[in-house]
There are 2 protein chains.
Amino acid sequence: MFSIGTLAKRTGTKVQTIRYYEQIGLMPEPGRTDGGQRRYGDVELDRLSFIRHSRQLGFSLGAIRELLDLSDSPERSCAQVDAVAQKQLREVEARIARLEALRVELRRMISECNAERVADCRILEVLRDHEGCLSDHQQPTP
Amino acid sequence: MFSIGTLAKRTGTKVQTIRYYEQIGLMPEPGRTDGGQRRYGDVELDRLSFIRHSRQLGFSLGAIRELLDLSDSPERSCAQVDAVAQKQLREVEARIARLEALRVELRRMISECNAERVADCRILEVLRDHEGCLSDHQQPTP
DNA sequence: TATACGATCTACAGCAACTGTAGGTTCAAG
DNA sequence: CTTGAACCTACAGTTGCTGTAGATCGTATA
């Protein structure tokens with residue numbers, strides 16, 4: 001049995017983040033000492049490790065909740081798990097594509113600017129102009 | 001002179017977003033009709049276009065504020081503008097690198113799973129394990 | 001056993017960058 | 001002059017945490 005601080009250190013999580021996960025029902029309510037401090041065991045350590053590792057892979061808390069629910073029914077088909085992972089992969093790939101387009105435009109913008117004064121700066125001009133825009137009326141990357 | 005709705009349509013912005021930009025001081029307080037409705041001109045249209053285009057390129061509102069301030073002093077050196085753009089480029093490149101690592105790991109994870117039952121699912125196993133992790137105790141992509 | 005002090009507790013505010021809602025008012029076309 | 005779409009303010013909600021204040025707890029050391 002160990003404290004929230006120890007759990008935090010072992011998983012590379014902030015103490016507040018663990019309490020937050022508990023609050024939103026992602027982590028279970030743990031046992032308490034007589035004084036009211038949380039005490040954890042290896043089950044909680046594993047669960048939190050799973051959550052953190054999934055977060056590192058970019059999964060949303062919603063997706064992680066789904067994965068945790070699925071892993072609780074070991075006899076079910078793993079097609080659903082696969083679907084969650086596939087969706088995440090597609091999202092990651094979409095973000096990469098978007099960022100690569102940004103990179104191209106930023107590089108071009110920067111390389112075109114050889115000005116001295118702000119007045120002649122191509123960067124600001126490009127930013128002002130909507131010509132050659134990636135695409136109009138699109139959401140910025142989140 | 002046109003309404004906030006017209007400005008919104010012309011720049012692909014939501015009406016509330018424009019009011020939000022005004023609230024945080026990114027857009028100026030415009031003139032009003034006798035009834036109290038906002039009226040805009042071409043100056044505001046240009047400024048909002050600049051903001052939206054910059055957002056599309058991934059600049060934060062803070063960075064945009066900086067760029068707008070810089071563009072107000074046309075005689076200054078454009079080195080600072082360049083620095084802001086360079087920083088943004090580096091951030092974009094860092095995000096791409098991170099996402100590409102995620103893509104590799106997600107692909108590997110998915111391809112390794114040929115199980116039927118959740119109990120044997122490699123995806124969940126990989127997520128549970130910290131072995132072969134990208135890196136421990138690292139922040140998830142924002 | 002007493003004390004000190006770091007760790008933990010709750011509760012709430014705040015971050016980015018918006019988006020949505022409720023309840024009321026104004027503008028412009030017909 | 002009516003109607004209804006567009007506008008107004010004010011505030012709550014989103015995601016995933018992070019930080020703060022002020023009080024309490026736990027344990028190592030004297």
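A, B, ... follow the sequence lines: proteins, then strands. Residue 1 opens every chain.
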Problem set entry | Nearest to side-chain heavy atoms of A:K14, which nucleotide of C:dC18, D:dT18, C:dT8 | D:dT18

Seminar exercise, completed: A:Q16 CD to C:dA13 C1', in whole Å, measures 13 Å

Exercise. Touch check for A:I24, heavy atoms < 4.0 angstrom, all strands: base, sugar-phosphate only, or nothing?
Worked result: nothing

Exercise. Taking atom CD of A:Q86 as the centre, does the number of heavy atoms from other residues, nucleotides or ligands within less than 6.0 Å exceed 12?
Worked result: yes

Exercise. Tell me: CZ of B:R19 to P of C:dT19, nearest whole Å?
Worked result: 13 Å

Exercise. Hey, is the main chain of B:T13 close enough, under 3.5 Å, to the side chain of B:T17 for a donor-acceptor pair?
Worked result: no

Exercise. Looking only at heavy atoms, which two atoms of B:R98 and A:Q56 are closest? And how far apart?
Worked result: NH2-O, 3.1 Å

Exercise. Between A:S3 and B:Q37, which is nearer to the 5' end of DNA chain C once each is assigned its nearest nucleotide?
Worked result: A:S3

For this session: Using atom CZ of B:R65 as one end and atom P of C:dA17 as the other, report the distance to the nearest whole Å.
Result: 10 Å

Exercise. Rounding to a whole Å, what distance do you find between A:E91:CD and D:dT15:P?
Worked result: 14 Å

Problem set entry | 5' priority, DNA chain C, between B:Y21 and B:T33 [closest heavy atom] | B:Y21

Exercise. Between C:dA17 and B:T17, is there an OP1 or OP2 to side-chain N/O distance shorter than 4.0 Å?
Worked result: no

Exercise. Is NZ or CZ of A:R10 both nearer than 6.0 Å to the six-membered ring centre of A:F2 and within 45° of the ring axis?
Worked result: yes

Problem set entry | Nearest-angstrom distance from the residue atom CZ of A:R52 to P of D:dG16 | 11 Å

Exercise. Of the nucleotides C:dA17, D:dG16, C:dT10, which one has an atom closest to the side chain of A:S60?
Worked result: D:dG16

Exercise. Taking the side chain of B:Y20 as its heavy atoms from C-beta onward, which of D:dG16, C:dC18, D:dC8 lies nearest to it?
Worked result: C:dC18

For this session: Measure from the side chain of B:R38, starting at C-beta and using heavy atoms only, and say which of C:dA28, D:dT9, D:dC17 lies closest.
Result: D:dT9

